Amino acid sequence: MDDSGFYDFKITEANVQAEWLEHRTFDVAEESSKPKFYCLAMFPYPSGRLHMGHVRTYTLGDVIARFKRLQGYNVMHPMGWDAFGLPAENAAIKNKVPPARWTMQNIEYMKTQLQSLGFSYDWGREFATCDPEYYRWEQWFFTRMFRKGLVYKKSAWVNWDPVDQTVLANEQVIDGRGWRSNALVERRELAQWFLKITDYAEELLAKLNHLPGWPEKIKIMQRNWIGRSKGLQIKFARLEGSAIDVYTTRPDTLMGVTYLAVAPQHPIAKEAAETNSVIAEFLTACNQVKMAEADIAKSEKKGMDTGIIVQHPITKEPLPVWVANFVLMEYGSGAVMSVPAHDQRDWEFARQYNLPVKQVIEPDKAGECDLDRSAFVEKGRCINSGQFDSLNFEEVFDAIADLLQSNGLGERQVNYRLRDWGVSRQRYWGCPIPIIHCDACGAVAVPDSDLPVSLPTEVEFDGVTSPIKRMPEWSKTICPSCGGPAERDTDTFDTFMESSWYYARFACNNLRNGMLDDRAKYWKSVDHYVGGEEHAILHLLYARFFHKVMRDQGLVDTDEPFENLLALGMVLQDGAKMSKSAGNAGDPQHLLDQYGADAVRMAMMFAAPPEQSFEWSEHNVESANRWLRSKLWRAVILHSSLGPVSTLDSSSLSESQRDMRRVAHETLLKVTDDYGKRLNFNTVVSGVMSLVNELQKFNDTSDQGRAVVDEALKIVVLVMSPITPHICKELWTKLGLGVIEDAEWLSIDQEALRKRVVNVIIQVNGRLRGKLEVEPGASKDDLILRAGELENVEKFLKDEKITRIIHVPDKLLNFVIA
RNA sequence: GCCGGGGUGGCGGAACUGGUAGACGCGCCGGAUUCAAAAUCCGGUUCCUUCACGGGAGUGUCGGUUCGAUUCCGACCCUCGGUACCA
């Protein structure tokens with residue numbers, strides 16, 4: 001680190017990080033004259049070691065936080081741990097370590113890794129979600145929702161491993177078998193707690209339109225996920241027994257229904273199975289596919305006639321009821337009316353089982369409609385529909401809705417694809433559900449004074465049964481309502497619960513007597529949220545839901561948790577995402593040791609724009625390290641070794657000095673836009689590299705030449721500092737500019753941007769035929785004259801008739817010939 | 001299956017509003033420096049064609065709009081993410 005030449009990242013990075021820690025440089029408080037800026041990257045699951053996906057997320061978050069800090073904001077940039085989850089249980093089985101201990105060890109190690117990457121966190125705000133001081137407020141909040149009627153219990157299906165006698169996550173079911181036992185999984189029904197997220201469906205949908213800072217693609221995905229639709233709920237009566245309800249968005253095709261299809265889990269299917277062993281076998285087979293929509297949708301479509309007959313609500317004709325493996329019990333009422341002529345899936349099913357196809361819609365215009373080849377799924381006009389013939393979609397929708405409504409067989413309904421959020425997990429390593437079951441009083445919320453319901457941590461964990469399910473000393477308790485003997489709920493929460501409100505808790509992580517206080521109102525919503533695109537739906541939707549419930553509880557006073565969202569593409573390894581389950585591929589540690597944090601950060605930022613997925617290659621770290629020491633470091637050292645610099649006098653510069661200065665300010669303009677608006681940090685790096693290349697060529701050691709270099713280097717070091725903060729802090733000092741964390745972003749000199757000459761391209765029929773270097777603002781006529789003199793242009797215009805000449809000022813001249 | 005992305009040299013990517021395709025970096029090739037090496041520096045590098053100037057082709061595939069398309073439109077192929085118990 002001496003002025004004679006070499007840059008030793010090990011010494012500089014260690015010193016700089018020690019200084020940040022010692023001075024608590026990035027600690028932040030609420031009182032400030034500056035505007036607040038809350039920058040947050042999705043906190044990690046402490047899986048053991050960081051992988052390159054983490055490095056990408058946290059570097060991007062850090063770059064934004066540091067940039068905003070330089071722009072004069074009071075920046076909160078916290079970090080914590082999403083500490084509950086399945087991998088801890090898996091590790092506990094494998095290594096015979098209790099999940100809590102394994103988790104805390106991981107946190108300890110990963111924290112050192114984050115610190116060695118030089119992130120500007122306010123570590124005073126750190127917490128882990130497995131800390132009872134955190135999850136007690138989650139339990140408290142759940143009991144508020146419970147009281148408000150936002151919580152209910154119903155039975156729901158889970159993957160059941162019949163050998164290990166345990167519930168399996170979808171991830172743990174591989175090719176239909178339990179991952180450890182290899183047994184064929186079955187579905188089982190269990191009583192579980194649900195949160196009424198559907199009560200907020202309308203607002204969750206509507207408020208997407210008030211999130212201009214979110215990528216359009218994420219909003220589209222959420223809209224589709226919520227899946228609002230307008231349709232009819234229709235009753236198909238049976239001769240005996242209760243009617244079957246179906247929901248349809250296409251009542252215009254009601255006259256074309258030829259059968260009904262119900263889910264294998266539908267009561268009707270079960271009823272049919274009672275007297276028919278073949279159906280019973282079929283249902284068993286259907287229940288051996290795991291509980292994942294993708295698997296259900298991809299499996300071969302199969303069905304069976306249940307023998308049950310229903311009546312068409314208008315024609316009163318008898319219709320058979322089939323059970324079909326592709327009908328989802330969770331959506332709508334678990335039964336659908338099938339219109340093979342106008343629904344592709346029904347059409348395929350009808351062909352497969354020789355069910356009748358009845359066309360009731362014809363194309364409006366002379367369109368394509370060949371029912372021998374496929375269903376006609378577009379909207380059109382009714383035919384073969386009796387009284388509804390010739391009506392269009394809207395007309396028949398209303399006519400049928402009115403008719404069914406008047407005879408009590410149907411009603412208009414707005415439906416959502418979004419389902420209520422099942423939060424019960426039959427696992428150990430999670431937040432205990434604060435409910436007590438009493439034979440006399442039913443489910444009773446644990447009173448505030450008894451919170452938290454703590455999870456015992458020193459446990460024997462065999463991976464099959466959750467320890468708290470076989471610890472009567474833990475689960476046996478007294479009913480808070482009647483004082484009689486009662487039992488605790490031994491399920492734990494879905495870990496998405498913890499990550500649905502952690503961002504708010506960072507504002508007041510040390511609050512002992514409440515979930516949130518006024519500090520959460522000071523920090524308001526997260527200004528910039530950074531995280532992987534894989535969270536586009538579930539995590540982000542659940543957090544949006546929680547935020548609205550917290551708002552209605554008076555805990556926060558904004559409508560949305562995340563104002564701006566940066567949804568990062570995946571860091572791929574061998575074409576797939578890096579993850580805990582993939583064995584923590586891509587540990588950055590050896591790269592940090594060999595090339596340093598700045599090089600790792602820079603390589604990651606340079607590799608690709610944030611929203612794009614890319615295949616990680618370690619090689620770039622070496623070249624980043626090379627650039628930092630042999631280009632950046634050397635340029636500054638070379639410059640400062642020549643001694644003091646005089647003041648820049650922009651009016652007395654030579655042409656080449658003015659050009660050099662223009663490039664510097666153009667770069668500043670570009671990177672300011674890249675940082676602030678475009679969020680493309682790869683082009684920040686390439687822009688700075690270009691500028692440094694230009695500076696190297698410039699090589700002007702005159703008085704004003706050095707002043708130009710001095711200004712340019714100041715720009716280089718400051719704009720690189722969010723990405724490579726350690727070396728830039730050192731170089732900022734060497735340029736005699738003080739403490740870089742206290743610096744302000746530089747302003748652009750508009751005068752310096754003015755161009756002496758511009759390049760105008762000359763085209764013939766849109767093809768490049770020549771170039772002209774002219775003064776800015778050259779007229780079209782002038783350009784035509786000078787372009788005609790170019791030999792290569794003349795060659796193409798000779799003997800041709802020019803029909804048009806297109807002129808884009810200071811850019812292009814295009815001769816159009818016949 | 002469904003929803004949402006992506007596809008540009010040997011590789012990562014750039015081209016921001018329809019206007020010079022391939023910036024910047026890696027790799028590779030050639031050279032300088034060196035006793036030699038490392039490090040560093042200089043030059044070249046989409047493909048075909050040409051001694052050269054130049055010309056032709058080219059941004060997943062096919063088609064369309066336009067004076068001009070990586071950019072807009074249509075169809076298709078491949079690939080990645082999500083698909084409600086991985087987080």
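This structure is a prediction, so every number in the text was calculated from the model and none was measured. Every chain is numbered from 1, with letters handed out A, B, ... down the list of sequences.
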Please determine if a side-chain N or O atom of [X] lies less than 4.0 Å away from the OP1 or OP2 oxygen of [N].
X	N	value
A:Asn693	B:rG25	yes
A:His535	B:rA87	no
A:Arg767	B:rG58	no
A:Asn792	B:rG55	yes
A:Arg804	B:rC67	yes
A:Thr495	B:rA87	yes
A:Arg626	B:rC26	yes

inquiry  = Taking syn as a glycosidic torsion within 90° of 0 and anything else as anti, which one is B:rG22?
reply    = anti

Within the 4.0 Å heavy-atom criterion, would you say [X] contacts the bases, only the backbone, or no part of the nucleic acid?
X	answer
A:Phe606	base
A:Leu418	base
A:Phe493	nothing
A:Val688	nothing
A:Lys301	nothing
A:Ser617	nothing
A:Val685	nothing
A:Ile220	sugar-phosphate
A:Glu622	nothing
A:Ser424	base
A:Pro44	nothing
A:Lys670	base
A:Ala294	base
A:Lys217	sugar-phosphate

[atom1] atoms of [N] and [M], separation to the nearest Å:
N	M	atom1	value
B:rG4	B:rC76	P	14 Å
B:rG43	B:rG6	P	37 Å
B:rA52	B:rC48	P	14 Å
B:rG22	B:rA57	C1'	15 Å
B:rU79	B:rA84	C1'	24 Å
B:rG64	B:rA69	C1'	11 Å

ask   = Between A:Tyr502 and A:Tyr134, does the ring centroid distance fall short of 6.0 Å?
value = no

ask   = Looking at A:Phe562 versus A:Tyr503, is the centre-to-centre ring distance below 6.0 Å?
value = yes

message = Would the distance check show the side chain of A:Asn765 and the main-chain N or O of A:Arg767 forming a donor-acceptor pair, the cut-off being under 3.5 Å?
response = no

ask   = Do the side chain of A:Arg544 and the main chain of A:Leu204 share a donor and acceptor less than 3.5 angstrom apart?
value = yes

message = Would A:Arg417 pass as a cation-pi partner of A:Trp225, given that its NZ or CZ must be under 6.0 Å from the six-membered ring centre and within 45 degrees of the axis?
response = yes

query = Is the Lys NZ or Arg CZ of A:Arg769 less than 6.0 Å from the centre of A:Phe796's six-membered ring, within 45° of the axis?
reply = yes

Looking at the base of [N], is there any donor atom on it, or on the side chain of [X], that sits under 3.5 Å from an acceptor on the other one?
X	N	result
A:Glu293	B:rG1	yes
A:Gln763	B:rG19	yes
A:Asn814	B:rC67	yes

request  = Report, as yes or no, whether the 6.0 Å neighbourhood of atom CD on A:Gln165 holds more than 12 heavy atoms from other residues, nucleotides or ligands.
outcome  = yes

ask   = Among B:rG55, B:rC86, B:rG4, which is the nearest nucleotide to the side chain of A:Arg769?
value = B:rG55

task = Would you mind reading off the distance between A:Met221 atom CE and B:rC80 atom C1', rounded to a whole angstrom?
result = 12 Å

task = Take the protein atom CD1 of A:Ile296 and the nucleotide atom C1' of B:rC2, then report the distance between them rounded to whole Å.
result = 13 Å

message = Only Watson-Crick and G-U wobble pairs, only distances under 3.5 Å, only runs of 3 or more: what stems does that leave for RNA chain B?
response = B:1-7 with B:77-83, B:10-12 with B:24-26, B:27-32 with B:40-45, B:46-49 with B:54-57, B:60-64 with B:72-76

request  = Let me see the working for A:Lys154 and A:Asp420 under salt bridge (charged side-chain N to carboxylate O under 4.0 Å, His left out), right down to the final yes or no.
outcome  = CA-CA 11 Å; A:Lys154 73 168 184 190; A:Asp420 277 335; 5.9 Å; no

ask   = Is A:Asp491 paired with A:Lys469 through a side-chain N to carboxylate O contact shorter than 4.0 Å?
value = yes

